[in-house]
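Notes to accompany the following structure.
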Amino acid sequence: MIRYSLKCADGHAFEAWFRSSTAYEEQREAGRVACVVCGSAEIEKAPMAPSVWGGREAAPTLSGPASPAEAALKALRRHIEQSSDYVGTDFAAEARRIHAGEAEERSIWGEATRDDAHALKDEGVPVAPIPWMRRSDG
């Protein structure tokens with residue numbers, strides 16, 4: 001695993017873990033690396049100092065939140081999952097139906113392509129990207 005300090009075109013800084021440097025490049029080029037603050041996929045590596053474990057203290061653990069921001073993102077995910085309906089890849093269609101009054105008004109979440117998300121915003125449908133993290137707690 002490799003950890004990169006990243007920043008988006010708007011200057012938001014964040015960190016992310018990748019299986020390898022090649023995996024990072026492939027995911028970035030595919031638009032699968034996005035800013036945790038604004039959702040922008042215009043990402044680049046930020047300068048960072050190496051993190052070296054000296055062996056005198058316990059090695060860092062990856063089982064718990066690495067930062068208060070990570071803990072907040074996990075709490076946000078739990079809240080969204082508990083208080084809204086998952087609609088999967090039907091997100092754009094269901095959001096349009098709700099906006100048009102053709103479906104029950106409720107909070108939903110799911111997957112949408114970048115083009116679908118932009119189209120929804122252009123149509124006046126209130127949507128927002130979720131700064132999702134890979135589930136590590138089962």
Side-chain angles (χ1 to χ4, degrees):
M1 296 291 286
I2 187 167
R3 181 182 68 185
Y4 285 128
S5 291
L6 304 172
K7 67 178 181 176
C8 74
D10 290 329
H12 302 123
F14 59 100
E15 293 182 345
W17 287 87
F18 298 90
R19 190 171 307 273
S20 65
S21 61
T22 302
Y24 161 76
E25 293 297 337
E26 289 171 354
Q27 290 178 31
R28 187 183 60 80
E29 289 173 15
R32 292 177 41 215
V33 179
C35 176
V36 299
V37 176
C38 67
S40 170
E42 293 182 51
I43 304 296
E44 63 183 45
K45 290 182 201 172
M48 63 183 282
S51 177
V52 179
W53 175 62
R56 293 184 183 179
E57 300 165 1
T61 178
L62 298 179
S63 62
S67 67
E70 184 176 322
L73 288 173
K74 284 185 177 189
L76 173 64
R77 180 179 192 132
R78 276 191 304 277
H79 173 75
I80 290 170
E81 288 177 340
Q82 292 171 357
S83 64
S84 60
D85 293 334
Y86 176 69
V87 295
T89 57
D90 292 334
F91 178 82
E94 187 65 8
R96 284 186 178 97
R97 283 192 291 272
I98 292 170
H99 186 69
E102 298 167 359
E104 172 190 356
E105 186 169 328
R106 66 198 192 282
S107 296
I108 61 170
W109 66 280
E111 289 88 39
T113 66
R114 180 175 304 289
D115 290 341
D116 282 342
H118 286 295
L120 287 168
K121 282 189 173 190
D122 291 344
E123 295 166 24
V125 179
V127 297
I130 300 173
W132 236 221
M133 294 175 31
R134 183 176 299 224
R135 182 184 293 276
S136 61
D137 56 351

Is it true that atom CD of Glu105 has more than 12 heavy atoms of other residues, nucleotides or ligands lying nearer than 6.0 Å?
no
Counting only heavy atoms not in Glu123, do more than 12 sit closer than 6.0 Å to its CD atom?
yes
Which atoms form the tightest heavy-atom contact between [X] and [Y], and what is the distance?
X	Y	answer
Glu42	Ser40	N-OG, 3.1 Å
Arg114	Gly31	NH2-O, 4.0 Å
Asp10	Cys38	OD2-SG, 3.9 Å

Hey, any chance [X] and [Y] share a hydrophobic cluster, counting ILVMFWY side chains that come within less than 4.5 Å of each other, even indirectly?
X	Y	result
Ile130	Leu120	no
Ile80	Val127	no
Val125	Val87	yes

Please round to the nearest 0.5 Å and tell me the distance separating atom [atom1] of [X] and atom [atom2] of [Y].
X	Y	atom1	atom2	answer
His118	Thr113	NE2	OG1	9.0 Å
Cys35	Lys7	SG	NZ	12.0 Å
Lys45	Arg28	NZ	CZ	8.5 Å
Ser21	Glu26	OG	CD	9.5 Å
Arg97	Glu104	CZ	CD	12.5 Å

Is any side-chain heavy atom of [Y] closer than 4.5 Å to one of [X]?
X	Y	value
Arg19	Gln27	no
Val36	Glu70	no
Ile43	Cys8	yes

Worked verdict on Arg78 versus Glu81 for salt bridge (charged side-chain N to carboxylate O under 4.0 Å, His left out)
CA-CA 5 Å; Arg78 276 191 304 277; Glu81 288 177 340; over 6 Å; no
Would you mind listing every ring pair (Phe, Tyr, Trp, His ring centres under 6.0 Å) that reaches into residues 84-109, with sequence neighbours excluded?
Tyr86-Trp109, Trp109-Trp132
What residues form a ring-ring contact (aromatic ring centres under 6.0 Å, His included) with Tyr24, not counting sequence neighbours?
Tyr4, Phe18
